[in-house]
Each structure stands twice: as C-alpha cells, then as structure tokens.
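Below is one structure, written out as structure tokens; the observations come after it.
Note: hydrogens, waters and symmetry copies are ignored here, and every other heavy atom, side chains too, is used. So that the names make sense, note that chain A is the first sequence line, chain B the second, and so on, each numbered from 1. All figures in this text were calculated on a predicted structure; none of them were measured in a lab.
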Amino acid sequence: MTDKYIALVDCNNFFVSCERVFNPRLRDVPVAVLSNNDGCVVARSQEVKDLGIPMGIPVFRVREKLEKNGVRTFSSNFVLYGDMSARVQKTLSHFSYDIEPYSIDESFLGVKGMTAKQVRQWGQEIVSTVYQWTGIPVSVGIGRTRTLAKLANHIAKKNPEYSGVFSSDDPHMADWMARYPIEEVWGIGRRLAKKCRSHGITSVKDLRDADRKWAAKYLDTVGTRTVLELNGEECITTTVPSKTRSIIRSRSFDPPIIDFDTLYRTLSLFVATAAGKIREKKLCTKHITLFIMTSRFIEDNYYGSVPVILDRATNNTIELMKIMKIGLRRIYRTGRRYKKGGVVFSSLVDEDAVQLPLSESVDERFQNRTEKILSVMDTVNKKIGEGTVKLGSYQFINKKTDKKEQLSKRFTTSWQDIPVVKAK
DNA sequence: TCTGGGGTCCTAGGACCC
DNA sequence: TCTGGGGTCCTAGGACCC
C-alpha cells in the first residue's frame with residue numbers, strides 16, 4: 001500500500017453557486033439553471049432538489065411547480081461558469097502539484113506523504129480556502145482510487161456532519177457502501193446496473209465483493225475495472241485524454257429550422273467554430289460527420305447523417321465549408337422541421353503530420369491563400385472578441401434559433417457587467 | 001406547443017487478407 | 001449442393017460521464 005491519496009474536489013450545485021456569488025439575494029431562495037434554449041433543468045439549488053425536481057427534466061413538465069414555489073430560473077451563462085471554474089482551479093493549484101481537471105466543476109488532486117488524519121485536514125483547508133477566495137462551496141472526497149474518491153465525495157456532499165470532507169479510510173465506509181445502491185458508483189450506468197441487479201448485486205458493497213470471474217464475464221472490462229477500483233486497486237490512472245480525439249459542435253433549434261439556407265448558415269457557424277478550435281490545438285481532421293434531425297419525440301422522426309472521409313486532413317474552414325454543403329444536400333429532406341443539427345470532426349491528427357501533395361495544384365494555391373486569411377481572422381477574433389470577423393456564409397444567423405431568455409450578466413469577463421458597489 | 005451539449009471508451013461486426 | 005479459419009483494421013453505435 002502506497003501513501004498516495006486521490007482527492008476529488010467537486011463544486012456544490014456549481015452553476016447555481018456561480019449565480020449566487022454575484023447575486024446574494026439568491027442565497028436563500030430556490031434557484032435552477034436551464035440548458036440551451038431554456039429547455040431542461042441542468043443545475044438545481046438544494047431547495048429545488050428538495051422539491052423533487054430531477055436533473056435534466058424538460059422545463060415544460062415542471063413549469064407549474066417552479067412557479068408555484070418561486071424558483072428563480074436562469075439560462076446557462078457559460079462565459080461566467082468557465083471563468084469561475086478557472087478561479088477554482090487556480091485556488092486548487094495551491095494545494096497540489098498533481099491536478100487533473102475532470103469537468104467544469106470537478107478536479108482530481110493527488111497527494112503523497114500525508115497520514116490519513118493530515119489528508120483530512122488538508123481537505124478541510126481546501127473547502128474553506130476555495131470558498132473564501134471564490135465564493136464557491138466545494139466538497140472533497142478522498143480515496144486510494146478515483147472511483148473511491150468519487151464515492152467518498154458523494155458521501156461528503158450528502159452528509160453535513162462531515163463538513164464537506166470524507167475519506168474512504170473512514171471506519172464508517174463499509175456501512176455507507178452497504179447502504180448505497182450500485183447506481184451511485186462512477187461508471188455504473190443504466191445497463192450495468194440492470195445486469196448487476198439481475199444477479200442480486202444491489203449495494204456498492206455487493207459490487208465491491210463481487211466475484212471477479214463473474215465480473216469479467218458479465219460486466220466486461222469497464223465493469224471489472226470498477227470492481228477492482230472499489231477494492232482500492234488503481235485501474236484508472238488518469239482521466240486526461242492523451243490528446244483530443246474529436247470535436248463536436250451541435251445545438252438544438254428553437255424554433256425548428258425548415259429551409260435549407262437557414263440550416264446551411266447555422267451549420268456553417270458550427271463548422272467555423274469547430275475548425276477554429278482544431279486550428280487552435282494545431283490539429284487537422286480527416287473525418288467529418290454532419291447530422292440533422294427532427295424531434296426524437298414525434299412519430300415519423302428523421303435523422304440524417306453523412307460521414308465524409310478526406311484524402312488529406314485539413315483544418316481549413318473554407319474547405320470544410322464546401323464539404324459540409326455537399327453533405328447537407330445529401331441528407332436534407334424538404335418539409336421537415338429540424339430540431340437539432342451538428343458537425344463532428346474526428347480522426348484528428350497533428351497539423352505537422354499532414355502530408356502535403358507532391359505538386360501544388362490550383363486548388364492548393366487557393367488553399368494556401370485561404371489559410372493565411374483564416375489565420376488573420378483567428379488572431380483578430382482572439383484579440384478583439386469572438387465573432388468580430390466572420391465569413392459571409394454565416395454572418396446572418398437567425399438569433400432566434402438560440403433562445404436564452406433569462407441570462408445573467410457576465411460579471412467577471414465583461415466591463416459593462418462588473419458589479420458596482422454603491423455608497424449611500 | 002415545449003425534451004442540452006460535449007466528450008471518451010468499448011464492442012460487435014464487416015471488409016479484407018492469407 | 002457443398003462454401004475454412006484466423007488475423008487485422010476500421011467504423012457505427014451503445015454506454016457512460018458531467
């Protein structure tokens with residue numbers, strides 16, 4: 001047994017907490033943050049959780065309940081959340097050199113050379129310092145593996161008596177495991193949970209003690225890894241992908257899009273931002289997938305997708321735009337009400353590794369010229385602000401296809417929105 | 001009427017080869 | 001009519017995550 005511990009630091013009700021930092025009046029009232037187009041509930045304050053409003057529920061199904069209980073709702077403000085996330089990260093960097101950001105509101109921290117008691121104190125310091133420096137409440141779960149740290153975090157969050165920090169070394173861990181259902185385990189989703197239950201495995205403890213041969217047979221590699229991790233054997237040594245595998249840009253449309261031109265302009269924007277993203281990472285794509293779909297919830301729904309494999313990987317917006325237009329013509333069906341669409345770039349390769357053709361064709365010269373234009377555009381957009389310079393094909397996007405009616409201000413990133421303290 | 005967006009990993013199965 | 005076996009590579013789709 002090594003002296004290494006892994007801590008999972010997870011922000012409590014992160015999006016809601018961000019809204020509350022800059023609007024103290026929201027402190028003791030129920031608050032919910034909605035997804036894009038204000039379609040679903042994606043973050044809830046404790047008061048909203050207590051009302052029995054589940055994560056991800058469509059707003060129209062709980063609208064009455066939200067109104068009746070005076071729930072304050074907000075459109076998601078990713079500029080604000082992204083900036084607050086960076087502040088939390090920066091604070092965490094004072095506590096460990098071994099930080100692995102896992103999502104917008106979670107990070108794994110590695111620590112060595114501390115006793116069990118010291119590591120708990122260290123966790124308490126994280127909780128108080130992050131709150132003091134950023135205003136965001138966090139919980140800390142500690143374990144020998146990421147799966148155990150996740151579980152410990154869950155316990156810390158749900159049980160106030162632990163003041164936000166729980167370690168899987170705690171003598172009560174076994175009791176908690178016996179009481180927690182397998183669904184709470186990281187990596188156990190609907191399918192694996194069903195499989196476990198059909199074999200009489202219902203609690204986390206059952207899963208930890210499951211026969212390994214049985215696990216290998218019925219739970220495959222992922223599930224088996226989870227069983228080992230619950231036993232303190234580290235199988236997941238990193239959650240940081242070695243490099244970006246794919247990039248997706250997609251949105252649902254409200255109201256739906258019917259005509260080809262609007263769809264084309266909207267997807268052009270996706271292509272442009274995705275291409276900008278891979279240029280930033282110095283990558284090229286070789287495999288482009290385009291998709292459009294009507295509502296999944298209607299009968300006779302339609303899903304059209306077209307994969308295009310390129311001879312030569314590229315990150316050139318103009319080139320990608322042409323491919324997209326050809327693909328869109330193939331999958332577009334007249335008269336449909338498209339609710340969602342997007343573009344996926346996969347098979348990403350390093351820019352340097354892209355093979356150049358032997359001779360420079362006319363197309364090639366065109367491409368070299370457009371590459372220069374794009375690099376100037378990227379620079380300008382980065383310096384002055386996203387969307388300062390755009391290509392003609394997507395400059396007239398209908399703003400109505402992206403509904404955000406209850407957006408809070410960009411308190412931390414926009415001069416106009418910085419909160420002002422008024423003296424009497 | 002109204003149902004998010006962005007990722008990774010694994011596996012089954014087809015294509016192809018000897 | 002009968003129609004190998006085993007390997008690799010690739011992709012689509014499912015599962016899972018936040």
[X] and [Y] ion-paired at < 4.0 Å:
| X | Y | answer |
| --- | --- | --- |
| A:E184 | A:R179 | no |
| A:E183 | A:R197 | yes |
| A:E234 | A:R146 | yes |

Euclidean distance, atom [atom1] of residue [X] to atom [atom2] of [N] [Å, nearest integer]:
| X | N | atom1 | atom2 | value |
| --- | --- | --- | --- | --- |
| A:K340 | B:dC2 | NZ | C1' | 16 Å |
| A:Y81 | C:dC18 | OH | C1' | 15 Å |
| A:I53 | B:dT3 | CD1 | C1' | 15 Å |
| A:F15 | B:dG6 | CZ | P | 12 Å |
| A:I248 | B:dC9 | CD1 | C1' | 13 Å |
| A:N36 | B:dG6 | CG | P | 8 Å |
| A:D38 | B:dT1 | CG | C1' | 15 Å |
| A:F291 | B:dG7 | CZ | C1' | 13 Å |

Reckon [X] touches a base, only the sugar-phosphate, or nothing at all at heavy-atom distances under 4.0 Å?
| X | answer |
| --- | --- |
| A:K150 | sugar-phosphate |
| A:D105 | sugar-phosphate |
| A:R249 | sugar-phosphate |
| A:I104 | nothing |

Any N/O pairs under 3.5 Å between the protein and nucleotides 12-16 of chain C? List them or say none.
| residue | atom | partner | partner atom | Å |
| --- | --- | --- | --- | --- |
| C:dC16 | OP1 | A:G189 | N | 3.3 |
| C:dC16 | OP1 | A:R191 | N | 3.2 |
| C:dC16 | OP1 | A:L192 | N | 2.8 |
| C:dC16 | OP2 | A:R190 | N | 3.0 |
| C:dC16 | OP2 | A:R191 | N | 2.9 |

Has A:F297 got its ring stacked on B:dT3, by the test of a centre gap below 5.5 Å and a plane angle below 30°?
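Taking the rule of under 5.5 Å and under 30°, the ring of A:F297 does stack on B:dT3.
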Side chains of A:S103 and A:E106: donor-acceptor distance under 3.5 Å anywhere?
yes
Answer yes if the side chains of A:T412 and A:D83 hold a donor-acceptor pair under 3.5 Å, and no otherwise.
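Per modelled atom types, A:T412 and A:D83 side chains form a pair under 3.5 Å.
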Nearest-angstrom distance, P atom, C:dA15 to B:dT3
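Approximately 24 Å lies between the P atom of C:dA15 and that of B:dT3.
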C1' spacing across the pair B:dC16 / C:dC2, given as an integer number of angstrom:
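That atom pair is separated by 24 Å.
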Over-ring placement of A:R333 relative to A:Y302, 6.0 Å and 45° cut-offs:
no
On the ring face of A:F22, is A:K409 found with NZ or CZ under 6.0 Å from the centre and within 45° of the axis?
no
Kindly say if [X] contacts the phosphate of [N], meaning a side-chain N or O under 4.0 Å from OP1 or OP2.
| X | N | answer |
| --- | --- | --- |
| A:S250 | B:dG6 | yes |
| A:S252 | B:dT3 | no |
| A:R251 | B:dG6 | yes |
| A:R225 | B:dC9 | no |
| A:T221 | B:dT11 | yes |

What do you reckon, are the aromatic ring centroids of [X] and [Y] less than 6.0 Å apart?
| X | Y | result |
| --- | --- | --- |
| A:H154 | A:F166 | no |
| A:Y332 | A:Y338 | yes |
| A:Y218 | A:H199 | yes |

Using a 3.5 Å limit for the pairing distances, which stems of at least 3 consecutive Watson-Crick or G-U wobble pairs does DNA chain B take part in?
B:5-18 with C:5-18
Please say whether more than 12 non-hydrogen atoms of neighbouring residues, nucleotides or ligands are located less than 6.0 Å from CZ in A:R337.
no
Please tell me which of A:T244 and A:S295 maps to the more 5' nucleotide of DNA chain B, matching each residue to the nucleotide holding its nearest heavy atom.
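Counting from the 5' end, the first nearest nucleotide belongs to A:S295.
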